[in-house]
Structure formats: structure tokens, C-alpha cells
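Keep in mind the model is a prediction, meaning the values are calculated, not measured.
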Amino acid sequence: MNAATELRLQRLVTHLHSLGPRAMTELLTEFATAHGAEADLLDRLERYARLDPGMSGAFGGDRFPPRPLALVR
């Protein structure tokens with residue numbers, strides 16, 4: 001994924017997250033259904049559900065890393 005696409009994804013996901021759990025559920029359900037990946041989605045959600053939010057936050061896993069600076073000449 002190129003840098004511009006990655007930044008766009010991060011901005012869109014941040015907005016989706018601000019809409020709350022219902023919007024996230026709708027998107028994930030729509031995507032999994034369209035790709036026949038309902039079981040895979042549930043497996044992955046179960047794996048993420050085992051993560052400790054406090055630990056994730058302590059190590060910066062609750063936010064995107066800062067974008068690297070580019071030298072402009």
C-alpha cells in the first residue's frame with residue numbers, strides 16, 4: 001500500500017471509529033458478507049478480543065504512528 005493510500009485509509013477509519021460500534025459492525029458485516037468471509041471475520045475478532053486495551057494503549061497500539069517527515073529541498 002502506498003503512503004497516500006495508507007493515510008487515506010487511516011483518516012477514513014478514524015472517522016468510522018468516531019461513528020461508534022454500530023457503524024463498525026455494519027461495515028464489517030457488509031464486507032464479510034460480500035466476500036464470503038463471515039467465519040474468518042469472527043475468528044479474527046475473537047483473536048482481537050483477547051487483547052488488553054490497557055496494554056495496547058501503554059505501547060501506542062491505540063493510535064496510528066506519526067507520519068515520517070520528508071526532507072524538502
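- No more than 12 heavy atoms of other residues, nucleotides or ligands lie within 6.0 Å of CZ in R22, so this atom counts as exposed by the packing criterion.
- Using a cutoff of 4.0 Å between basic side-chain nitrogens and carboxylate oxygens, R50 and E46 are not scored as salt-bridged.
- The residue from L19, T29, L16 that alone fulfils the side-chain contact (heavy atoms from CB on, under 4.5 Å) condition with M24 is L16.
- Two residues are said to be in side-chain contact when any heavy atoms from C-beta on lie closer than 4.5 Å; R8 and M1 fail this criterion.
- Contact detail for L51 and P53: the closest heavy-atom pair is O-CD, 3.4 Å.
- Of all the heavy atoms in G57 and R63, the pair that sits closest is O-NH1, 3.8 Å.
- For residues 4-23, there are no ring pair (Phe, Tyr, Trp, His ring centres under 6.0 Å) pairs, not counting sequence neighbours.
- Taking the charged nitrogens against the carboxylate oxygens, R44 and D40 do have a contact shorter than 4.0 Å, which makes a salt bridge.
- Note on F31: it does not cluster hydrophobically with L9, by side-chain heavy-atom contacts below 4.5 Å among ILVMFWY residues.
- Expressed to the nearest 0.5 Å, how far CG of L12 lies from CG of L7 amounts to 9.5 Å.
- Taking all atoms of both residues into account, the shortest heavy-atom contact from L41 to A32 is CD2-CB, 3.7 Å.
- For the side-chain contact (heavy atoms from CB on, under 4.5 Å) test with E38, the passing option among D43, L28, T33 is T33; the others fail.
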